[in-house]
Amino acid sequence: MDENSSGGCSSQGGRYNSQEQPVGGGGVVKSGGDTMKRSAARVKQFIESYFYQLIDGCGNSNCQNEYCASSGKVKGLTPDQAAGLAIRLFRQEAVLCLGAGAGRLRAGGGSSMGPDTFGFRAEEGEGAPKVARTEQHQQPSARCGQEVERHNATTATANVDNDVQSKSSTSNHHHHEVLNERKLLQVMETCKAENSHLRLIRVLGEVYSSPENLGNSFLKSDSPPAEMLAPSQLATMKKEEVRQLEGEKEKDESSVSADECSGGEGSSNELESTSDHTAVDLESVRRAYSQLFSLFGSIVESALVLALITLSNYIEVDLRMGFVMSPRGGDRLINKQPCSLETLLNALVIALEIPTLGTADYLEVALPKLCRATSYLPLAAQARLARVWSRHSAHTLRSLLEALQQLITHRVIIGSRDFSVQSDEAITAPTKLMKIIYYASMLAGDFDPPELREEDASSNTVEDLPWGQSTKAIKQPTVEDPLADELKVNVLDSRQPLIPFTEFYNEPLSDIVEMDKDFANYKSQRGGDVTSSTSSSADRDAGSFSFMRYSFVLTPATKTLALYYDNRIRMYTERRFSFFQNVVGQPANPYLRLKVRRDHIIDDALVELEMVAMENPKDLKKQLVVEFEGEQGIDEGGVSKEFFQLIVEEIFNPDFSMFTYQQDTRTMWFNTASFESNAQFTLIGIVLGLAIYNNIILDVHFPMVVYKKLMGKRGMYHDLQDFNPTLYNSLKALLEYEGDDMEDTFMQTFRVGYTDVFGSSVTHDLLPNGDQINVTQSNKREFVDRYADFLLNTSIEKQFNAFKKGFQMVTDESPLHLLFRPEEVEQLVCGSKKFDLRELEEATEYDGGYSQDSAVVRHFWEIVHELPLESQRKLLQFATGSDRVPVGGLSKLKLIIAKNGPDSDRLPTAHTCFNVLLLPEYESKNKLYDRLLKAINYSKGFGML
């Protein structure tokens, strides 16, 4: 090698100098084993050279190599980052300064690169990095960054005997090996004819272990024409698929250019996150997989698993090291490396289409690796993947979701006792991938227009509030989800997703997750969460992972715990603040105390709440303590439960005239002709908010549209199905009618009529002079939308806005909108609709000498299961203070049955604050039945035991 007379450092192109033959090169090849050993040694040597070049440099202060620390262009790399970039440079055959790291390598010490440094773990079956293709006759070389052409010392490498090459194929991976459906079928036919699978395994290994190769496979431009397929294959295809193969493809397929499919050097590789286009022919991929796994499934499985592991490692390195910000500013991504982001996405799309990802071999290693690699996708790429899946993979999303659910469940089951799910990547990485599927499912389903969302609850003025001038405007809480913002979607807009939301719940995970720790992680993230489109989900969750940001995977019962911790922390904060106020001479009550009379509970409660809201609305976020005048009960939770139950019964009493009863649906609705002031509706909203804030379930019956409106979504036509089924069916028939005689058939104008609570007929014009405008085929949709808007929004606007403002005065700072969908908020308020006392029996604990086998206990449950439903609910209210079933069912309610002395004539008693039922040891079942029925039917009020 010539020396640079100017003192510049010599550089070599590629991975080979003039003194060495390339791997598998000319000369005498002794054996495949010798070649593999020499290749592995050279791979390690060159990667280490690149590593030390990045860390230490070559020692030349005038070096111009952009990948050398001596040039000053590489700064601040950690050893892990340098290791990842070294692998990439090795694969690219980048410029390597001679002497880079030579001192360390010769000394044989100082290397900080262990077996795991580059992401290759022998115990997981991963091989060494691929050796570069060596058929090139010229190797690029440079001196201090200036490239000089240099021929390889030996040109005989291109003429190596094919048999020898096939024997040493493990060290001779071809960088540009790609697949399409036709080629894969040809390889399969050859393997069947030769009765050997080695060629198929080699091809799959080369393609599926390389992002470049896999990302440029199965492209739409490579799809085989219909005449190239066998008649048996055409017979099994749908008509639409045959038409696609004949050239009648979607219009965006014609826009696939060579630059878009290549991912070669020099492309800007800007990714458009709003596009749902993919260059991959996914129908061709699925046909190819169907043929492959039906013939060679078990044979190629191990090869695919090993290849996917290597592929995942390379993709992770590419995503972590390869992308930089565009110099033009903004948050668009460019990639200065040969493997484009588009190509990486193509590779992931093809890999995640494998139909056997849910089987044991893939679940162990390959699928977790793919999930980890996907977690490093930039935000724009995640959005693009969600859009591609929503359009092109809708019918395969459920199988991928099931595979991820199996992976998470398997990991939860085998976890150790001190297992922390938040720190286990085998759980968090699949959860991040599930979020992309979650939004893809919404995009592929039925969506409502975003204009129906109310961005700010204070945009509608609320009149007649005595404290309206002193309180700040309450803004609609927003959910911090960068991916949702990138996709411009909101869960409130999803009327019917492709996959039901409940299928995303993972109950084993929900049961084991420690919500107190998870809540702490969530709070620690809030201040510094990265929301740039260049950041990956792995970057945003660096240091601490919180399932509260992935709440779709948690059951409502588990999410209720997160809300409970948030509310309790706020209560304790207010309590400490009150303590400090008392210390400095400003007396303050640490609790929200309400003293009420049973006979005047509405008047007393609303007056006291009104005073609190006027003087200091923040006091509403203190812990509620209720005292019934003239009773001895101390509120540890049970008194509050009865307070809410009594006040709800009074508020929704038709005689109170604030709400009307819908006979068809057995639900309550706002009285448009109510004589009560808006302040009264605000106070009712405060009561509902306080119930959620204090973890109390109410016996209220609103249609679902009320909870949607509370979460910020206006009512629309589809909400009428739950609100008024008869009217909904009538309007649906009108929309579906296609006849030309609509005016004569329906005789409907834009004036509608209804009967108010007093029985009077009232009319309303949906448009000015509505009685003069007939409903026709051209305006029937407008009529339906305006009618629904009037019933669900306009007619109750003042009452509902006052009600919502009161609700948000209590819940505005809680993570309610982050954790719950409207359907789940209904469960949070009303509890579960499933009433199964056998669940309660299985969860009940015993104390004071009783056990599950005690005679009194056995008699008790025999009696309880024979009672009618109304009496069972009375028993539940007697023992716990509420007849409502908690979120998640009665198994979540911890009832304790304790012994209360020997046999006596005393009635059973209960500590409702602690869900403790006290039973004397009655001598017979009949006596227990008699005493129990009297206790639950004549219990009212609280006393001291």
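Remember, predicted model here, so these are calculated numbers, not experimental data.
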If every non-hydrogen atom of [X] is compared with every non-hydrogen atom of [Y], which pair is closest and at what distance?
{"X": "Ala605", "Y": "Ile647", "value": "CB-CD1, 3.6 Å"}
{"X": "Pro886", "Y": "Ile697", "value": "CA-CD1, 3.2 Å"}
{"X": "Leu345", "Y": "Arg384", "value": "CD1-CG, 3.7 Å"}
{"X": "Pro497", "Y": "Pro500", "value": "CG-CA, 4.3 Å"}
{"X": "Cys830", "Y": "Val700", "value": "SG-O, 3.2 Å"}
{"X": "Gln777", "Y": "Glu738", "value": "NE2-C, 3.2 Å"}

Should we count [atom1] of [X] as having more than 12 external heavy atoms under 6.0 Å?
{"X": "Asp741", "atom1": "CG", "result": "yes"}
{"X": "Lys780", "atom1": "NZ", "result": "yes"}
{"X": "Gln662", "atom1": "CD", "result": "yes"}
{"X": "Tyr564", "atom1": "OH", "result": "no"}
{"X": "Glu649", "atom1": "CD", "result": "yes"}

Rounded distance (nearest 0.5 Å) linking atom [atom1] of [X] with atom [atom2] of [Y]:
{"X": "His764", "Y": "Arg786", "atom1": "NE2", "atom2": "CZ", "result": "9.0 Å"}
{"X": "Leu624", "Y": "Tyr693", "atom1": "CG", "atom2": "OH", "result": "11.0 Å"}
{"X": "Tyr522", "Y": "Asp566", "atom1": "OH", "atom2": "CG", "result": "7.5 Å"}
{"X": "Met716", "Y": "Glu451", "atom1": "CE", "atom2": "CD", "result": "11.0 Å"}
{"X": "Thr428", "Y": "Leu433", "atom1": "OG1", "atom2": "CG", "result": "11.5 Å"}
{"X": "Leu498", "Y": "Ser393", "atom1": "CG", "atom2": "OG", "result": "11.0 Å"}

Check the pair Asp722 / Val705 against side-chain contact (heavy atoms from CB on, under 4.5 Å), numbers first and verdict last. CA-CA 8 Å; Asp722 184 53; Val705 65; 5.9 Å; no
Partner residues of Ser778 under the side-chain contact (heavy atoms from CB on, under 4.5 Å) criterion, sequence neighbours left out: Thr776
4.5 Å side-chain heavy-atom contact, [X] and [Y]:
{"X": "Leu828", "Y": "Pro556", "value": "no"}
{"X": "Tyr438", "Y": "Val553", "value": "no"}
{"X": "Leu400", "Y": "Trp389", "value": "yes"}
{"X": "Val885", "Y": "Lys834", "value": "no"}
{"X": "Val687", "Y": "Leu690", "value": "no"}
{"X": "Leu710", "Y": "Lys804", "value": "yes"}
{"X": "Met548", "Y": "Asp518", "value": "yes"}
{"X": "Leu734", "Y": "Val775", "value": "yes"}

Centroid-centroid distance, Phe501 to Phe552, less than 6.0 Å: no
In this structure, is the centre-to-centre distance between the rings of Tyr717 and Tyr728 below 6.0 Å? yes
By the definition side-chain hydrogen bond (donor to acceptor under 3.5 Å, both in side chains), identify the one residue from Arg570, Lys618, Gln808 that meets it with Glu813. Arg570
For Lys621, which of Asn567, Thr811, Asp812 qualifies under side-chain hydrogen bond (donor to acceptor under 3.5 Å, both in side chains)? Asp812
Give the intermediate values and the outcome of side-chain contact (heavy atoms from CB on, under 4.5 Å) for residues Tyr439 and Asp481. CA-CA 11 Å; Tyr439 285 113; Asp481 191 339; 2.3 Å; yes
In terms of ring plane angle, is the pair Phe803 and Phe670 parallel, tilted or perpendicular, where the classes change at 30° and 60°? perpendicular
Parallel, tilted or perpendicular: rings of Tyr550 and Phe545 (30°, 60°): parallel
With a 3.5 Å cut-off and no angle check, do the side chains of Thr794 and Asp789 form a donor-acceptor pair? yes
Regarding Thr558 and Thr555, do their side chains bring together a donor and an acceptor under 3.5 Å, going by distance alone? yes
Scan Trp669, Tyr661, Phe652 and name whichever one has a ring pair (Phe, Tyr, Trp, His ring centres under 6.0 Å) with Phe702. Phe652
Walk me through it: do Glu782 and Leu767 pass the test side-chain contact (heavy atoms from CB on, under 4.5 Å)? CA-CA 10 Å; Glu782 180 186 6; Leu767 287 174; 4.0 Å; yes
Here's one to test your reading of the geometry: is the NZ or CZ of Lys709 within 45 degrees of the ring axis of Phe800 and under 6.0 Å from its centre? yes
By salt bridge (Lys or Arg N to Asp or Glu O under 4.0 Å), Asp446 pairs with (sequence neighbours left out) none
Looking at Arg714 and Asp448, is there a salt bridge between them, counting it only when a charged N and a carboxylate O are closer than 4.0 Å? no
Applying side-chain contact (heavy atoms from CB on, under 4.5 Å) to Phe746 and Phe783, what does each step give before you reach the verdict? CA-CA 13 Å; Phe746 289 90; Phe783 167 77; over 6 Å; no
